[in-house]
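Here the structure is laid out as structure tokens; the discussion comes afterwards.
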Protein chains: 2
Amino acid sequence: MSSQRRRATTITDVATRAGVSIATASKALNGRSQVRAETLQRVLRAAEELGYQPNALAQSLISGQTRTVGLLTSDSVGRFGIPVLLGAEDAFGTGEMAVLLCDARGDAIRERHYVRTLLARRVDGIIVVGESTDPRPSISLDLPVPVVYAYAPSDDPQDVSFVPDDVGGARIAVQHLLTVGRRRIAHITGPTHYRAAQDRAVGTARTLEEAGLALSGGQALFGAWSRRWGRQAAEIVLAGDPETDAVFCGSDQIAAGFVEAVRERGLRVPDDIAVVGYDNWEVLSAETRPPLTTIDMNLEVLGRTAAQHLFAAIDGRAASGVHRMSCSLTIRESTMPQ
Amino acid sequence: MSSQRRRATTITDVATRAGVSIATASKALNGRSQVRAETLQRVLRAAEELGYQPNALAQSLISGQTRTVGLLTSDSVGRFGIPVLLGAEDAFGTGEMAVLLCDARGDAIRERHYVRTLLARRVDGIIVVGESTDPRPSISLDLPVPVVYAYAPSDDPQDVSFVPDDVGGARIAVQHLLTVGRRRIAHITGPTHYRAAQDRAVGTARTLEEAGLALSGGQALFGAWSRRWGRQAAEIVLAGDPETDAVFCGSDQIAAGFVEAVRERGLRVPDDIAVVGYDNWEVLSAETRPPLTTIDMNLEVLGRTAAQHLFAAIDGRAASGVHRMSCSLTIRESTMPQ
DNA sequence: AGACTGACCTAAAAGGTTTTCGCAACGTAG
DNA sequence: CTACGTTGCGAAAACCTTTTAGGTCAGTCT
């Protein structure tokens, strides 16, 4: 390893080499105007030759800004943390911000610990990424830096949260099914106690109601977020109303299971039954046969927005409350024959 | 937002409140021994009451250690970056290290930029996570901090790299197939130009050779890392040698496609054809029907090891070269009927 | 000549912490 | 009473940078 740990060159070295004081060197390096052109050049050259890189720690110590934000996730391995993280990293990366990553793994103790160390490191703000859309405990109480919540909202209405608009997402899905001419639409989704499942069921119910239709089977089928449940639910749906011509599934996993089961019974997707998934989890939605039409929560956008809002909050302007970010429809073959 | 930005309490505040000098306060807070018991208590109480938290920036400025490492990834969204990241975060999290995340998105310019800012922030070390096992350009030349490479090795043999042992992984896969009694084994894998595909093919060939067997079809089938290729290859394999009784696939995606196609032809897995995948990408390997026996590269372990090695390097001990981390076998139903 | 202006530069302080060194007080031994 | 060691504490330097408040000098105006 070529890493002989040598002392980093400081502004003093640069100043000495250029034959000026460190104050002048600082001004030259920062483009302040009280430096003669010739002196400016000397300093810049010296800095170049020495490979000078200002010590961000010292800068932060004076400015009080670290240009660093903490990203606290409950579950970074999860489906949802990653895109949000990427979006945030994207919003920051273009500037000069850096992201300090902390994975609390759903443990409240760990979470508090991380918040403490983030504060000790004097981050300028914190983004909290949840793993479901259910409200989570606020960490913001009496914190000296702004906090925004992404995906999972804070339970404190004073806080700022960005969550996908699941009611709206469901509406888009059902409207699409109506548009392609389906009328007997069933809804298969995750566990009742998930806010996401509730919201999507509500959106589905409302949209059908507005169209003067009822849910095929009378009510939404709550189960698990799994492929297995998708398969099981297929039996239930087909047994309940064999005339069902479309299903809106609360996740791509469920949709994948549903399609599988339905095809094994000899029915065609989308000809006999159209299917819409949720999440646009590409590995699943693009790879099933046929590929799934699905709702995309635009999590990267959500993450980016949350990050941008954090900037705003750092600069002093905050707009508290829960912001619902709209979802979009990705159309593939499971609803539209090619 | 409850974040009225108030000045953080400093050690001066604590010292004042305790009625001692900041030097004494510092010693008390850090458990130095030159403090009377009674004074110690006073200082600790004052710190407690004020909610004092030492400023990590100031500490780092003196100590020269930031207890922060940079994690530079080419592709954090990818299959491979995440587990490595988690493993690293794991190794660090237990201590007091923090991870500064940078996603260069495969862009060399961006990468250099990030290295510069990481150095400006005086990180103690850098982990570079690649997106394939192909060697990548070294960034370590003349860097003042240690660097370790994970998943993708550096092309400079002086550097320290941790990569999965794909030759060994293939060996394990094939040996498992031999153990369950298969003799006509085919190998379907990714593009020729991937080091991973090459290695796995080599491991396959060697192991068969040692068993006195030849590859079904005469040679490995190189294609893409996709499900589609898995399906296509199924046709080729079955057309070439209908007696083939096992297939080792270079990825779970390929395996999933293969299984799908084979089952559509009415063949049973594993009864007629046993299938082993690669990656143990749970969403795929555990959800296909039947679930896939697959090779797990233990990327989290790899990441953790890389991180631990970085510690060692920071503390002065480095062991350069490419370290191949062994893979393991996850047995599911695609090779062993339940 | 003296005062003023403007351009260019520097000394010093500030930011928060740790560490080194010195100082005072006290007790003990001679 | 002196010499000396111990204990407890504080002043100041160090880490590196930016900013403020001057300072010097040359030139210009009265």
Side-chain angles (χ1 to χ4, degrees), chain A residues 5-44 46-47 50-68 96 117 119-124 144, chain B residues 5-44 46-47 50-68 96 117 119-124 144:
Chain A
R5 225 75 51 78
R6 43 169 160 46
R7 201 180 119 282
T9 81
T10 75
I11 199 172
T12 309
D13 303 329
V14 176
T16 307
R17 178 156 193 143
V20 298
S21 73
I22 56 170
T24 304
S26 173
K27 278 182 271 198
L29 292 168
N30 293 292
R32 296 277 168 285
S33 59
Q34 308 143 319
V35 183
R36 205 174 7 152
E38 193 262 340
T39 314
L40 179 66
Q41 289 311 318
R42 265 212 327 276
V43 173
L44 260 34
L50 294 170
Y52 170 69
Q53 185 90 57
N55 185 326
L57 275 65
Q59 289 178 318
S60 297
L61 193 55
I62 333 178
S63 68
Q65 301 252 112
T66 50
R67 295 178 316 169
T68 306
E96 289 292 294
T117 75
L119 291 179
R121 288 169 185 274
R122 299 299 191 264
V123 294
D124 293 336
Chain B
R5 227 73 54 77
R6 44 168 162 45
R7 203 180 116 282
T9 81
T10 75
I11 198 172
T12 309
D13 303 329
V14 175
T16 307
R17 176 155 195 143
V20 296
S21 73
I22 57 170
T24 304
S26 172
K27 277 181 269 198
L29 292 167
N30 293 292
R32 295 279 168 284
S33 57
Q34 307 143 323
V35 183
R36 207 177 2 150
E38 193 262 340
T39 315
L40 179 65
Q41 290 311 319
R42 265 213 325 278
V43 173
L44 260 35
L50 295 170
Y52 171 69
Q53 185 90 56
N55 185 325
L57 274 66
Q59 289 179 318
S60 296
L61 193 55
I62 332 179
S63 68
Q65 301 253 112
T66 50
R67 295 177 318 172
T68 306
E96 289 292 292
T117 76
L119 291 179
R121 287 171 184 275
R122 300 299 191 262
V123 294
D124 294 336

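In what follows, every chain begins at residue 1, and chains take the letters A, B, ... in the order their sequences are listed.
- A:T68 has its side chain out of reach of A:R121: every pair of non-hydrogen atoms, C-beta onward, lies at least 4.5 Å apart.
- One can place CZ of B:R42 at 12 Å from C1' of D:dG8, the figure rounded to the nearest angstrom.
- When each of D:dG10, D:dT17, C:dT17 is scored by its nearest atom to the side-chain atoms of A:N55, the top-ranked nucleotide is D:dT17.
- Looking at the side chain of B:S21, the nearest of the listed nucleotides D:dG10, D:dC16, C:dT18 is D:dG10.
- Whole-Å rounding puts the A:L57 CG to C:dG15 C1' distance at 12 Å.
- Nearest to the side-chain atoms of A:I11 among the listed nucleotides D:dT18, C:dA12, D:dG10 stands D:dT18.
- Here B:T10 lies in heavy-atom contact (under 4.0 Å) with sugar-phosphate atoms only.
- Between A:E38 atom CD and C:dC9 atom C1' the separation is 13 Å, expressed in whole Å.
- Within the nucleic acid shown, B:S63 has no heavy atom closer than 4.0 Å to any nucleic acid atom.
- Residue-to-nucleotide proximity on DNA chain D shows that, of A:L61 and B:S33, the 5′-proximal contact is made by B:S33.
- Contact between B:T66 and B:V123 at its shortest, heavy atoms only, is OG1-CA, 3.5 Å.
- The shortest side-chain heavy-atom distance between B:L29 and B:V43 falls under the 4.5 Å cut-off.
- Side-chain N/O atoms of A:T24 include one lying less than 4.0 angstrom from OP1 or OP2 on C:dT10.
- A:T39 comes within 4.0 angstrom of the backbone, heavy atoms only, and of no base.
- A sub-4.0 Å separation between OP1 or OP2 of D:dC16 and a side-chain N or O of A:Y52 is absent.
- Each of B:K27 and B:P54 was assigned the nucleotide of DNA chain C with the nearest heavy atom; the assignment lying further toward the 5' end belongs to B:P54.
- The CG atom of A:L44 sits 12.0 Å away from the OH atom of A:Y52 when rounded to the nearest 0.5 Å.
- One interatomic measurement links the two molecules: CD1 of A:I22 to P of D:dT20, which rounds to 15 Å at whole-angstrom precision.
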- Output, in order, the C-alpha distance, side-chain angles, deciding distance and verdict of side chain to side chain contact (heavy atoms under 4.5 Å, CB included) for A:T10 and A:I22. CA-CA 10 Å; A:T10 75; A:I22 56 170; over 6 Å; no

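- Comparing B:Q34 and B:I62 along DNA chain C, the residue whose closest nucleotide (by nearest heavy atom) sits nearer the 5' end is B:I62.
- Out of C:dT19, D:dC9, C:dT17, the shortest distance to the side chain of B:Q59 is found at C:dT17.
- For the pair A:R36 CZ and C:dC9 C1', the interatomic distance rounds to 9 Å; values are reported in whole Å.
- B:Q65 places its CD atom 14 Å from the C1' atom of D:dC15, with the value rounded to the nearest Å.
- In this structure, CG of B:D13 is placed 11 Å from P of C:dG15, rounded to the nearest angstrom.
- Here C:dT20 presents its C1' atom at 12 Å from CZ of B:R32, a figure rounded to the nearest Å.
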